[in-house]
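Here the structure is laid out as structure tokens; the discussion comes afterwards.
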Amino acid sequence: MREYAIYKGFEITETIKTDVVIIGAGVAGLYAALNMDSKLNVIILSKLGLEESNSIYAQGGIASIRLATDTWESHINDTLRAGAGMCDIEAVTVLVKEGPDNIENLVRLGVPFDRDENNNLSITKEAAHSCDRIVHCGGDATGYHLTKTLIANCRNKHNVKIIENMHMLDILTENGAAVGVVVKGENRNYIIEAAHVIIASGGIGRVFRNSTNSVCSTGDGIAAAMRAGAVVKDMEFVQFHPTALIYPNDNMRFFLISEAMRGSGAVLRNRKGERFMQKAHEMAELAPRDIVSRSIVKEMTENDLPCVYLDITFKPRNVLKERFPQIYENCLKRDIDIAVNWIPVFPVQHYFMGGIKTDTNGLTNIENLYACGESSCTGVHGANRLASNSLLECLVFSKRCANHINSKKHIKPTAIALDLPEKAAKQLDCQTYRSRIRDLMTKKGGIVRKEKHMTDAKAEISGYLEELKGTTLNSYKEFETLNMATVANKILTDALQRLESVGAHYRED
Ligand SMILES: Cc1cc2nc3c(=O)[nH]c(=O)nc-3n(C[C@H](O)[C@H](O)[C@H](O)COP(=O)(O)OP(=O)(O)OC[C@H]3O[C@@H](n4cnc5c(N)ncnc54)[C@H](O)[C@@H]3O)c2cc1C
């Protein structure tokens, strides 16, 4: 019998029918909906309001070939190099070759890309790219403008309905095919019967204590897909960003100080003002993210420091304000004037390379179940993501999901017969479980990994997981905690099995 988060006696008030249900209103989910045949009715679910997703927070931009001097081979090779030999070459080729058409499509949809004096899209370079190829909006506010434009376009489509504050709890399957989802609203639970289910629910960042990710990133879609029998892949590959501002916001999200800042010449210093990246790597501050992150951790540990500092004070204030408006304002709110002061930074969780395994059409091993965006693993990132390839992946593969569904013979959603497990009604201390999972993953499953540490963390987390699996969960936080325990346990399991260091997975032993 397959696993469910819900259980016998779980109260469902209503059944809704649609052709396609998309879990997630980030770039992947929204763009999938926009590319769907307008004859198909589409429901998009968002766990919280539309202002909360990783997509909204994306800063730097989208990588895609623009210059005549740039080539597919160059972007493909940069991606493969960052992925440390673990990428799927077919998927990378699709990503790179289909990128430019999708950027043109975004221009048609009204995305306000920054432009140069000749009215061409402005492009910039980021670490580990051999050519200028990153398009951006509002300086460092790409995600905000992109997501807002996609939402506005979805609102204009008669066949697309966005429902906010709806939590998907389980994916429903019959005879090996996805047939819908169970969702939790504010006071009621629903079944949404759908001929096709797309998981676009984003990453897993909030399984760690310190992350740049939205509060939504608790791995719900990945965990639900695992319960439904979907294969997941590359779960040990978690990317840490070297430079987040050390002060979190109200949601305990850490504000990212974009790589583009180091690309513009910013240098890292310790408390004494000394640069330390030059001795760590020939590319100094522009070394791959995992190397910069580990060098910062080493510097912090050896000198018992809470952070290191990013120095961009050599740039004129007007240049900083224009190129990095979000970073400039956010730091100023904390009394850090980046034209004068060094920025206190430390490495935090940032991106998830693993996820639900898909083919190049976004299809999983379960019939009618698709995944795209950060919750999927198409294989394009391998062991480490190249900067600004993730929004590109969202676009290219969510469109492919839509095209695949559009090309199928139209099937009606089937009525669902639920065969649910019995679970025990028990009092759970979910707040403690969540907090312990985050601490353990940060201290023992993070940037530098050791067998003993991971084994200890896994033993404790798998204990919570068993407890949560056997208990009747009620609040959405309880369901979320089950999902956090599920993905954390799988990350540790796969990290323990990979004995060598590769890409973002670093084994000290
Ligand atoms: C600070 C920051 C900066 C970044 N900068 C860049 C950049 O410059 N370039 C780049 O390429 N990438 C960047 N990234 C990465 C990129 O933004 C993400 O990988 C990408 O936006 C993920 O999009 P998505 O649609 O897959 O998921 P998200 O945008 O995270 O959206 C997930 C959606 O799923 C919903 N959801 C989750 N769980 C449930 C549930 N149980 N039920 C219902 N709905 C659910 C959420 O509500 C949300 O709507 C950045 C990421 C961060 C955090």
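One is the number of the first residue; the rest follow in order along the sequence. In each ligand, atom 1 is the first atom listed, and ligand 1 is the first ligand listed.
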- Message: Check this for me - ligand 1, C372, N or O atoms closer than 3.5 angstrom, yes or no?
- Response: no
- Query: Any salt bridge between R66 and E104, counting N to O under 4.0 Å?
  - Reply: yes
- Can you tell me if N489 and Y464 form a side-chain donor-acceptor pair at under 3.5 Å? no
- Query: With respect to atom 50 (C) of ligand 1, which of E52, H350, E51 exhibits the smallest heavy-atom separation?
  - Reply: H350
- Message: Can you report which non-hydrogen protein atom sits closest to atom 43 (C) of ligand 1, along with the distance?
- Response: M166 O, 3.1 Å
- Note on the structure: Closest to atom 7 (C) of ligand 1 among protein heavy atoms sits G61 O, 3.6 Å
- Query: Is it the case that T142 and H136 place a side-chain donor and acceptor less than 3.5 Å from each other?
  - Reply: no
- Note on the structure: If you scan protein heavy atoms around atom 37 (C) of ligand 1, the nearest is S201 O, 3.3 Å
- Is the shortest side-chain N to carboxylate O distance from R323 to D140 below 4.0 Å? no
- Message: Looking at S55 and G26, would you say the former's side chain and the latter's main chain have a donor-acceptor pair under 3.5 Å?
- Response: no
- Among non-hydrogen protein atoms, atom 1 (C) of ligand 1 lies closest to Y57 O, 3.5 Å
- Message: Centroid separation under 6.0 Å, is that true for the rings of H381 and Y351?
- Response: yes
- Message: Please list the nearest protein heavy atom to atom 12 (N) of ligand 1 with its residue and the distance rounded to 0.1 Å.
- Response: S390 OG, 2.7 Å
- Query: Of the listed options (E374, R253, K47), which comes nearest to atom 22 (C) of ligand 1 when hydrogens are ignored and any heavy atom counts?
  - Reply: E374
- Message: With the threshold set at under 4.0 angstrom, would you say S388 reaches ligand 1 through any of its heavy atoms?
- Response: yes
- Option set G60, G24, C216, criterion heavy-atom distance to atom 33 (C) of ligand 1, minimum: G24
- Item | Residues R133, D70: salt bridge by 4.0 Å N-O rule | yes
- So which of S258, S55, G203 gets nearest to atom 29 (O) of ligand 1, if we judge by its closest heavy atom? S55
- Of the listed options (E393, E480, R385), which comes nearest to atom 13 (C) of ligand 1 when hydrogens are ignored and any heavy atom counts? R385
- Item | Sidechain N-carboxylate O distance under 4.0 Å for R188, E11 | no
